[in-house]
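Please read the structure below before turning to the comments.
Computed from a prediction, not measured in an experiment: that's the story for all the values here. By convention in this document, chain letters (A, B, ...) are assigned in the order of the sequence lines, proteins followed by strands, and residues within each chain are numbered from 1.
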Protein chains: 2
Amino acid sequence: MSLVVEGTRDSLIKAAIGVFSAKGFEGGSVREITQAANANQAAINYHFGGKDGLYREVLKASIQAFAELSPLDMDRLAAVDGPQAVETFIRTQLKALNRRDQLGRFMRIFTWETLSRSQVFTDFLAEEKLPVFAVAEIVVRKFLPAETERADLWIAIFWLLSQVETFIRPERLERPPYNLKIDQALIDRLGERLSEMTVAALSAWGSHGNADQRRSFSPASQAAPSP
Amino acid sequence: MSLVVEGTRDSLIKAAIGVFSAKGFEGGSVREITQAANANQAAINYHFGGKDGLYREVLKASIQAFAELSPLDMDRLAAVDGPQAVETFIRTQLKALNRRDQLGRFMRIFTWETLSRSQVFTDFLAEEKLPVFAVAEIVVRKFLPAETERADLWIAIFWLLSQVETFIRPERLERPPYNLKIDQALIDRLGERLSEMTVAALSAWGSHGNADQRRSFSPASQAAPSP
DNA sequence: GATCCTTTCAAACGAACGTTTGAATTCAAA
DNA sequence: TTTGAATTCAAACGTTCGTTTGAAAGGATC
């Protein structure tokens with residue numbers, strides 16, 4: 001396969017990442033993607049079998065990108081204390097606010113799936129493990145009692161993931177009524193603020209404990225992760 | 001205007017609330033709405049001037065619904081202490097998890113607008129004030145230093161609003177990997193948890209204060225609110 | 001009953017959608 | 001140079017979209 005061919009295929013994936021990030025899978029059109037990639041519409045069916053196949057490739061690319069680019073190493077997080085783990089986690093996620101951040105676009109694609117999950121994404125989750133859940137579990141376990149009910153553990157993971165999820169769209173913070181200017185200073189300030197607040201919140205949870213404590217299950221060992 | 005006519009118009013609005021809640025403005029189709037309302041497609045143009053006009057009516061209906069149904073009274077919130085205000089705020093918003101909650105559907109419509117803001121919604125925000133921002137300001141001000149920089153105040157408001165935003169879709173919590181069972185017990189437990197954590201987080205912010213404190217602006221007095 | 005206005009209807013429009021198709025181009029190997 | 005495979009192309013397809021249209025039905029008034 002020549003470089004030109006690799007170029008078309010990669011261009012389509014790259015264009016699709018951008019379009020799906022901005023408009024979601026349903027809202028992003030084949031025509032828009034092929035225009036952005038300078039490719040023929042038929043190329044999507046030729047290379048990927050169709051729009052579904054292209055999206056599947058984009059989701060696979062996200063796994064690879066997170067593995068290569070994300071500094072959220074589980075061993076490193078396990079080795080530090082709670083507050084440090086939270087700060088690393090929060091600041092890493094906030095990098096998505098930087099429009100040039102590659103991982104940010106994948107994260108924004110995932111947010112569309114939280115509102116209305118597509119079949120492609122459902123199938124994708126059934127066969128791939130997103131490491132972000134295991135990472136989040138490591139972080140929250142540093143605060144929660146050792147024997148925490150499974151449902152509570154999932155709530156804590158969900159909550160931790162949600163702490164940054166709403167912040168990863170720069171345009172949302174820049175528009176009225178917030179009118180915030182997204183620059184490195186604000187991102188740093190957000191990282192500091194959110195980390196402090198997250199530590200305080202999780203500490204409050206940990207200090208109250210669970211009156212009704214049952215045998216716990218590790219969510220990280222579950223077969224089907226999801227964002 | 002006869003009852004039959006009112007019936008069609010109201011049926012369309014009711015159906016549109018459901019469809020836009022599930023699929024957003026772009027994703028919700030005129031055909032799906034008219035089918036759900038047992039009305040003719042042309043009725044949308046006749047009664048509302050088109051899909052945009054229908055959506056505008058839905059957004060107006062949301063303002064009315066929040067005014068009538070939401071117990072978040074600013075005077076009452078102002079009169080209680082911080083933790084009580086937070087708990088009232090959080091538990092009120094979590095009612096959206098109850099599928100029969102009318103306000104929940106409007107809240108879910110708003111979440112679509114956080115990912116990709118429609119022109120109709122932009123215009124709507126330019127002329128209507130959503131009281132939820134003023135309410136959120138009252139709550140966070142109970143924790144923040146009196147002279148808090150305007151950008152920080154907006155960040156705190158954004159953060160408080162985001163604490164429940166990700167929780168208002170029951171299907172999201174029910175699906176893998178969370179697999180939580182949404183019932184009144186879980187909603188109550190969530191209310192307790194999130195309230196505790198929110199108080200702790202905001203208290204942490206308040207206790208650290210601002211080293212660099214400038215003249216503050218009240219966001220609630222801004223001309224252009226948004227969700 | 002006739003007239004006028006309001007409302008609803010079935011059908012169709014033009015545009016955009018994802019996909020398909022036969023032809024053309026490009027590339028690699030013999 | 002020839003041949004075959006891979007890739008791209010322009011055009012068209014059937015479907016769905018929001019909107020429009022003329023006709024029909026319903027309701028109110030005279």
Whole-Å distance, B:Q35 CD to D:dG18 C1', equals 14 Å
When every non-hydrogen atom of A:D188 is compared with those of A:R91, the smallest separation belongs to O-NH1, 3.3 Å
- Is A:S29 near enough to C:dA16 that one of its side-chain N or O atoms lies under 4.0 angstrom from OP1 or OP2? no
Can you find a side chain N or O atom of A:T8 that sits less than 4.0 Å from OP1 or OP2 on D:dT7? no
Answer yes if the side chains of B:E113 and B:S118 hold a donor-acceptor pair under 3.5 Å, and no otherwise. yes
From OH of A:Y46 across to C1' of C:dG22 the rounded distance in Å is 15 Å
Does NZ or CZ of B:K60 fall inside the cone over B:Y55's six-membered ring, less than 6.0 Å from its centre and within 45° of the axis?
no
From CD1 of A:I33 across to C1' of C:dT19 the rounded distance in Å is 14 Å
Between CG of A:L12 and C1' of D:dC9 the distance, given in whole Å, is 14 Å
Within the structure shown, what part of the strands sits under 4.0 Å from B:G28 by heavy-atom distance: base, sugar-phosphate, or nothing? sugar-phosphate
Distances under 3.5 Å only, N/O to N/O: pair up the protein atoms with those of nucleotides 19-22 of chain D.
unit_1 : atom_1 : unit_2 : atom_2 : d
D:dT19 : OP2    : B:K51  : N      : 2.8
D:dT20 : OP2    : B:N45  : ND2    : 3.2

Is the distance between the ring centroids of B:F158 and A:F167 under 6.0 Å? yes
note: B:R9, atom CZ; C:dT8, atom C1'; distance rounded to Å ~ 16 Å
Quiz item: Charged N to carboxylate O below 4.0 Å: is that the case for B:R56 and B:D123?
Solution: no
| task | Would you tell me if any nitrogen or oxygen in the side chain of B:H47 comes within less than 4.0 Å of OP1 or OP2 on C:dT8? | result | yes
Result block: side-chain N/O donor-acceptor pairs under 3.5 angstrom for residues 13-24 of chain A, not counting sequence neighbours:
unit_1 : atom_1 : unit_2 : atom_2 : d
A:S21  : OG     : A:R108 : NE     : 3.4
A:K23  : NZ     : A:E32  : OE1    : 3.2

